[in-house]
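For reference, the structure is listed below as C-alpha coordinates.
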Amino acid sequence: MTPFQKKVYTATKRIPRGKVATYSAVARAVQKQLAVRAVGNALNKNSSSDVPCHRVISSDGTVGGFARGAKEKIKLLRREGVEVRRGRVRPRFILPSL
DNA sequence: GACCTGACTCAAC
DNA sequence: AGTTGAGCCAGGT
(Lines give C-alpha, C1' and ligand atoms only; values in the text may rest on other atoms or scores of the structure.)
Protein backbone atom coordinates (compact mmCIF):
# COMPACT_ATOMS: atom_id res chain seq x y z
CA MET A 1 0.00 0.00 0.00
CA THR A 2 1.32 3.44 -0.94
CA PRO A 3 1.80 6.20 1.65
CA PHE A 4 -0.78 8.24 -0.20
CA GLN A 5 -3.46 5.63 0.31
CA LYS A 6 -2.49 5.33 3.92
CA LYS A 7 -3.19 9.02 4.42
CA VAL A 8 -6.48 8.69 2.62
CA TYR A 9 -7.60 5.83 4.81
CA THR A 10 -6.52 7.66 7.93
CA ALA A 11 -8.52 10.73 6.95
CA THR A 12 -11.54 8.59 6.11
CA LYS A 13 -11.38 6.91 9.49
CA ARG A 14 -11.73 10.33 11.12
CA ILE A 15 -15.20 10.80 9.63
CA PRO A 16 -17.73 10.69 12.50
CA ARG A 17 -20.39 8.00 12.38
CA GLY A 18 -23.70 9.26 11.02
CA LYS A 19 -21.99 11.94 8.95
CA VAL A 20 -20.35 11.92 5.55
CA ALA A 21 -17.47 13.76 3.92
CA THR A 22 -16.91 14.68 0.30
CA TYR A 23 -14.01 13.34 -1.72
CA SER A 24 -12.76 16.91 -1.88
CA ALA A 25 -12.70 17.12 1.90
CA VAL A 26 -10.61 13.97 2.09
CA ALA A 27 -8.34 15.30 -0.63
CA ARG A 28 -7.83 18.47 1.40
CA ALA A 29 -7.18 16.38 4.49
CA VAL A 30 -4.29 14.67 2.74
CA GLN A 31 -2.99 17.99 1.45
CA LYS A 32 -3.86 17.12 -2.14
CA GLN A 33 -7.14 18.86 -2.93
CA LEU A 34 -6.54 18.37 -6.63
CA ALA A 35 -6.09 14.64 -6.25
CA VAL A 36 -9.73 13.87 -5.57
CA ARG A 37 -9.72 11.24 -8.30
CA ALA A 38 -6.70 9.52 -6.89
CA VAL A 39 -8.49 9.51 -3.54
CA GLY A 40 -11.46 7.73 -5.04
CA ASN A 41 -9.14 5.22 -6.60
CA ALA A 42 -7.50 4.54 -3.25
CA LEU A 43 -10.81 3.96 -1.51
CA ASN A 44 -11.93 1.72 -4.34
CA LYS A 45 -8.95 -0.58 -3.91
CA ASN A 46 -9.45 -0.55 -0.18
CA SER A 47 -12.96 -2.02 -0.58
CA SER A 48 -12.83 -4.58 2.23
CA SER A 49 -11.32 -2.94 5.25
CA ASP A 50 -11.88 -1.22 8.56
CA VAL A 51 -12.16 2.09 6.72
CA PRO A 52 -15.68 3.59 6.54
CA CYS A 53 -15.32 4.34 2.85
CA HIS A 54 -19.12 4.41 2.54
CA ARG A 55 -19.09 7.77 4.36
CA VAL A 56 -17.26 9.41 1.49
CA ILE A 57 -19.52 10.94 -1.16
CA SER A 58 -19.35 13.34 -4.12
CA SER A 59 -19.44 17.10 -3.57
CA ASP A 60 -22.87 17.36 -5.25
CA GLY A 61 -24.29 15.12 -2.57
CA THR A 62 -24.49 12.05 -4.79
CA VAL A 63 -23.25 8.98 -2.97
CA GLY A 64 -20.83 8.40 -5.81
CA GLY A 65 -19.66 4.84 -6.29
CA PHE A 66 -18.89 1.84 -4.20
CA ALA A 67 -16.83 -1.28 -4.76
CA ARG A 68 -19.80 -3.52 -3.95
CA GLY A 69 -22.36 -1.25 -5.58
CA ALA A 70 -23.77 2.16 -4.65
CA LYS A 71 -26.90 0.36 -3.48
CA GLU A 72 -25.00 -1.28 -0.67
CA LYS A 73 -23.25 1.98 0.12
CA ILE A 74 -26.57 3.76 0.58
CA LYS A 75 -27.76 0.95 2.77
CA LEU A 76 -24.79 1.37 5.07
CA LEU A 77 -25.27 5.13 5.23
CA ARG A 78 -28.93 4.87 6.14
CA ARG A 79 -28.01 2.29 8.73
CA GLU A 80 -25.91 5.02 10.37
CA GLY A 81 -28.80 7.42 10.31
CA VAL A 82 -27.88 9.29 7.16
CA GLU A 83 -30.87 10.13 4.99
CA VAL A 84 -30.42 9.34 1.34
CA ARG A 85 -32.88 10.33 -1.38
CA ARG A 86 -32.56 8.94 -4.86
CA GLY A 87 -28.83 8.41 -4.49
CA ARG A 88 -28.25 11.82 -2.91
CA VAL A 89 -27.26 12.61 0.65
CA ARG A 90 -28.81 15.53 2.50
CA PRO A 91 -26.31 18.43 2.50
CA ARG A 92 -26.64 18.90 6.23
CA PHE A 93 -25.14 15.48 6.77
CA ILE A 94 -22.11 16.40 4.76
CA LEU A 95 -18.97 17.30 6.65
CA PRO A 96 -17.42 20.15 4.59
CA SER A 97 -13.85 20.03 5.76
CA LEU A 98 -13.22 17.24 8.13
C1' DG B 1 8.93 6.21 -18.38
C1' DA B 2 4.84 7.10 -21.30
C1' DC B 3 -0.06 5.75 -21.57
C1' DC B 4 -4.67 4.47 -19.90
C1' DT B 5 -8.08 4.24 -16.26
C1' DG B 6 -11.17 5.66 -12.56
C1' DA B 7 -15.64 5.73 -6.19
C1' DC B 8 -14.07 13.28 -8.85
C1' DT B 9 -15.21 18.30 -9.78
C1' DC B 10 -16.47 22.38 -12.22
C1' DA B 11 -18.38 24.99 -15.92
C1' DA B 12 -21.27 25.08 -19.85
C1' DC B 13 -25.34 23.34 -22.74
C1' DA C 1 -31.95 19.96 -12.88
C1' DG C 2 -29.60 16.11 -15.94
C1' DT C 3 -25.89 15.44 -19.33
C1' DT C 4 -21.28 16.48 -21.53
C1' DG C 5 -16.47 17.71 -21.94
C1' DA C 6 -11.98 18.97 -20.13
C1' DG C 7 -8.62 19.09 -16.16
C1' DC C 8 -6.89 17.06 -12.41
C1' DC C 9 -3.86 12.81 -9.55
C1' DA C 10 -1.95 8.39 -8.08
C1' DG C 11 -1.55 3.51 -9.68
C1' DG C 12 -1.20 -0.17 -12.62
C1' DT C 13 -0.02 -2.03 -17.19
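Residue numbering restarts at 1 for every chain, and letters A, B, ... go by the order of the sequence lines. Quantities reported herein were computed from a predicted structural model and do not represent experimental measurements.
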Residues in salt bridge (Lys or Arg N to Asp or Glu O under 4.0 Å) with A/K75, at least two apart?
-> A/E72
Please list, chain by chain and in numerical order, all residues satisfying salt bridge (Lys or Arg N to Asp or Glu O under 4.0 Å) with A/K13, sequence neighbours excluded.
-> A/D50
Check whether any side-chain N or O of A/K73 sits under 3.5 Å from a backbone N or O of A/V56 as a donor-acceptor pair, and report yes or no.
-> yes
What is the per-nucleotide protein-contact pattern of nucleotides 7-13 of chain B, from the 5' end, where B denotes a base atom under 4.0 Å from a protein heavy atom, S denotes such proximity for sugar-phosphate atoms only, and - denotes neither?
-> BBSS---
Hydrophobic cluster of A/L76, others only, ordered by chain and residue number, side-chain cut-off 4.5 Å = A/F66
Partner residues of [X] under the side chain to side chain contact (heavy atoms under 4.5 Å, CB included) criterion, sequence neighbours left out:
| X | answer |
| --- | --- |
| A/S58 | A/Y23, A/D60, A/T62 |
| A/K32 | A/F4, A/V30, A/A35 |
| A/E80 | A/R17, A/H54, A/R55 |

Over all atoms of both residues, closest heavy-atom pair of A/A70 and A/V63 | CB-CG2, 4.2 Å
Residues at least two apart in sequence or cross-chain that pass side chain to side chain donor-acceptor pair (under 3.5 Å) with A/N46, listed by chain then number, are A/S49
Between C/dC9 atom P and A/R28 atom CZ, what is the distance in whole Å?
-> 16 Å
Show which side-chain atoms of residues 82-95 of chain A pair as donor or acceptor with protein atoms under 3.5 Å away, not counting sequence neighbours.
none

Determine which bases of DNA chain B form Watson-Crick or G-U wobble pairs with both distances under 3.5 Å, and write the result as a 5' to 3' dot-bracket string with | for other-strand partners.
-> .|||||.||||||
Reckon A/A35 touches a base, only the sugar-phosphate, or nothing at all at heavy-atom distances under 4.0 Å?
-> sugar-phosphate
Residues touching DNA chain C, which here means a heavy atom under 4.0 Å, drawn from residues 77-89 of chain A | A/R86, A/R88
